[in-house]
Amino acid sequence: MVWGPMIAVYLFVAGAAAGSYLTASLVSFKYPGGVFTRKAGRIIAPILLAIGLLMLMLDAEAGLRNPLRFLGLFANPRSVMTIGTYIISVFMVVALIVAVLELMGKNVPRALDIVGDIGAICLAGYTGFLLGDSLGVPLWHNSVLPPLFIVSALTSGMAIVSLIGAAFDYVEFEKMGVLRPIHIVLAVLEILLIVALLVIASGRGAAGAESVAMLTTGSLAPAFWIGVVGIGLVLPLAIDLFNMRSTKSEASGEALAQTGVVVGGFLLRFVVVSAGVMMVLL
Amino acid sequence: MARYGMMIDTRKCVGCFACRVACQMKNTLGPKEGFVHFEFLESGTYPDVSSEAIPMQCMHCADAPCEKVCPTGATYINEAGVVLVDANKCIGCKYCMVACPYSVRMIEEISGVVEKCRFCWDDEMGGPNNPSCVATCIADARVFGDLDDPNSDVAVAIAANDAQPIAGDLTEAKIFYVR
């Protein structure tokens, strides 16, 4: 495929930035005591997105050599990439202001935070539509990818924020009981969406079937089964369910689960980008 | 204004690659770069078999996916229906390559810009300058001209052979194949 690992990294960190921001919003709304978790989410969101934008620019070589051409990205509103540029522009500005306010120890106005939340959801979703506008690639050109990427963005961002928040203040982190059931619901949803993606792609001709074969039995099978499914979904779900039964959770288990979600979230983008196979129209 | 298109008769094509090489020369492309590539199709079971060489290049779609996804407007369709790339606007994001269902776009190694067949469009002439793939074809498998002129060679040939775009009406392509 023409798009490689750099685009996969971008799709992952852009989604994780959105998820981090939304997690911080939820925490600030529901758990005023969860200071470290909130700060982590709000500060890391623009940093993650900046890393992603760097990847995009490095991948677009002609633009890299003539940086002024990147201004043209605003030019064609019929292109999902241009729409994404609008979304990133709004979200990045809001996320930066929020991060600065957080660093200065000032309150973030609720209205501004909500604008950021809407931007974050759009950011997570557009990455699915970006791949979806390629009518020659059955694995991408379907309606499952946007919700799958949104769900994975939320879990990835939540995991990154949880890891940092828990590292700084585990006692406070344990009080945020709502994060665990949210993760369980999202992880189950993600499994269903991945199944739907495979079923739909496999029914879309030779290219779709080849994509599914690459993922399930071919060169990407280890990354898919061990990485995305095992480490990213089943292991964290198992740890979550185990922790829900006891009143106290083990910090090491929690860290393992969250790390697994992050690794799985990246690998999901990586295998979806890598398994894109173009139809041959003859 | 004319609306340019092409007919390719794969029954005449021998797969000699002369069109690809002529195009590489005219557009100063490297040996691995090409606006024309070939697909080979085998069909039937022994002993009733046939093979077909199918030259592929930009189909100059009226409903061009590459033009729709190009964020900078570098890819555009000119007044004669020819799909062109403004190299000074292209950032090399490769979205057009991902979107093109015919896989006929390529990255120019030196500039990082995406390029493809332009029907030998010449801005100074304001029209196509004798497309080299057509001129060089040893089998006369290619016919080029104005689709809107019912008396043009290409319009007559398409009508006579009932030539069709390779993917039907998927993108309103302007290269018609006889197979």
Side-chain angles (χ1 to χ4, degrees), chain A residues 1-4 6-7 10 53 55-89 126-127 129-141 204-205 207 272-273 276-282, chain B residues 10 37-43 52-56 59 61 63-76 85-115 165-168 170-171 173 175 177 179:
Chain A
M1 205 9 107
V2 249
W3 278 349
M6 288 225 271
I7 298 300
Y10 164 71
L53 297 181
M55 293 292 149
L56 285 186
M57 289 192 270
L58 290 176
D59 192 64
E61 263 193 62
L64 196 62
R65 290 172 204 180
N66 310 278
L68 279 178
R69 287 189 196 171
F70 284 123
L71 290 175
L73 277 165
F74 294 91
N76 180 9
R78 290 179 305 135
S79 166
V80 177
M81 198 178 281
T82 295
I83 295 168
T85 309
Y86 299 156
I87 294 169
I88 290 169
S89 304
Y126 109 88
T127 57
F129 289 105
L130 184 76
L131 295 188
D133 214 359
S134 49
L135 72 164
V137 187
L139 185 70
W140 300 351
H141 186 59
R204 291 263 197 89
V272 167
V273 169
V277 177
M278 189 73 81
M279 300 190 290
V280 179
L281 298 165
L282 290 178
Chain B
T10 67
H37 73 263
F38 280 76
E39 300 284 350
F40 292 93
L41 199 63
E42 293 176 5
S43 56
E52 185 187 12
I54 310 170
M56 302 276 287
M59 306 287 171
C61 313
D63 182 16
C66 56
E67 187 269 340
K68 181 189 172 236
V69 302
C70 177
T72 65
T75 292
Y76 65 101
V85 178
D86 181 344
N88 292 319
K89 285 187 182 171
C90 175
I91 58 170
C93 72
K94 300 177 276 292
Y95 200 7
C96 54
M97 297 175 73
V98 170
C100 172
Y102 310 102
S103 302
V104 291
R105 288 177 158 251
M106 48 147 263
I107 285 269
E108 261 187 6
E109 255 178 64
I110 296 167
S111 62
V113 163
V114 179
E115 269 296 358
I166 201 138
L170 182 69
T171 58
I175 293 190
Y177 288 83
R179 309 176 62 182

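In the text below, chain A, chain B and the rest are named by the order of the sequence lines, each starting its count at 1.
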A:L135 vs B:L170 side-chain heavy atoms within contact, under 4.5 Å: yes
Residue part contacting chain B, namely of A:R78, when any heavy atom lies under 4.5 Å: both
B:A87 versus chain A, heavy atoms under 4.5 Å apart: side chain, backbone, both or neither? backbone
With a 4.5 angstrom heavy-atom cut-off, is it the side chain or the backbone of A:L68 that approaches chain B, or both, or neither? neither
Option in B:M97, B:E52, B:E108, B:M56 with maximal non-hydrogen atom pairs under 4.5 Å from chain A: B:M97
Please name the pair of heavy atoms, one in A:N76 and one in B:E67, separated by the smallest distance, quoted to 0.1 Å. ND2-O, 3.4 Å
Flag the one option from B:P71, B:P101, B:C90 with the top tally of heavy-atom pairs under 4.5 Å to chain A. B:P71
Could you tell me whether the side chain of A:R69 reaches within less than 4.5 Å of the side chain of B:T72, counting heavy atoms only? no
Got B:K68 and A:S79 here, is their nearest side-chain heavy-atom distance under 4.5 Å? no
For the atom pair SG (B:C93) and CE (A:M57), what is the distance rounded to the nearest 0.5 Å? 13.5 Å
Toward chain B, the part of A:M278 with a non-hydrogen atom under 4.5 Å: side chain
Which bit of A:N66 comes within less than 4.5 Å of chain B, counting heavy atoms only: side chain, backbone, both or neither? neither
Using a 4.5 angstrom heavy-atom cutoff, name the option from A:G276, A:P77, A:A60 with the most pairs to chain B. A:A60
SG on B:C70 to CG on A:L73, rounded to 0.5 Å: 9.0 Å
Taking all non-hydrogen atoms of both residues, which atom of B:Y95 and which atom of A:D133 are closest, and how far apart? OH-CB, 3.4 Å
What residue in B:N88, B:I166, B:L41 has the most heavy-atom pairs under 4.5 Å with chain A? B:N88
Can you name the closest pair of heavy atoms from B:V98 and A:V2 and give their distance? CG2-CG2, 3.6 Å
Shortest non-hydrogen pair, A:R65 vs B:E109, comes out as NH2-O, 4.2 Å
Kindly indicate whether the side chain of B:V69, heavy atoms from C-beta on, has any atom under 4.5 Å from the side chain of A:V80. no
If you draw a 6.0 Å radius around CZ in A:F129, do more than 12 non-hydrogen atoms from other residues or ligands fall strictly inside? no
Heavy-atom check, side chain of B:V113 versus side chain of A:E61, under 4.5 Å: no
Shortest non-hydrogen contact from A:A62 toward B:G112: CB-O, 3.5 Å
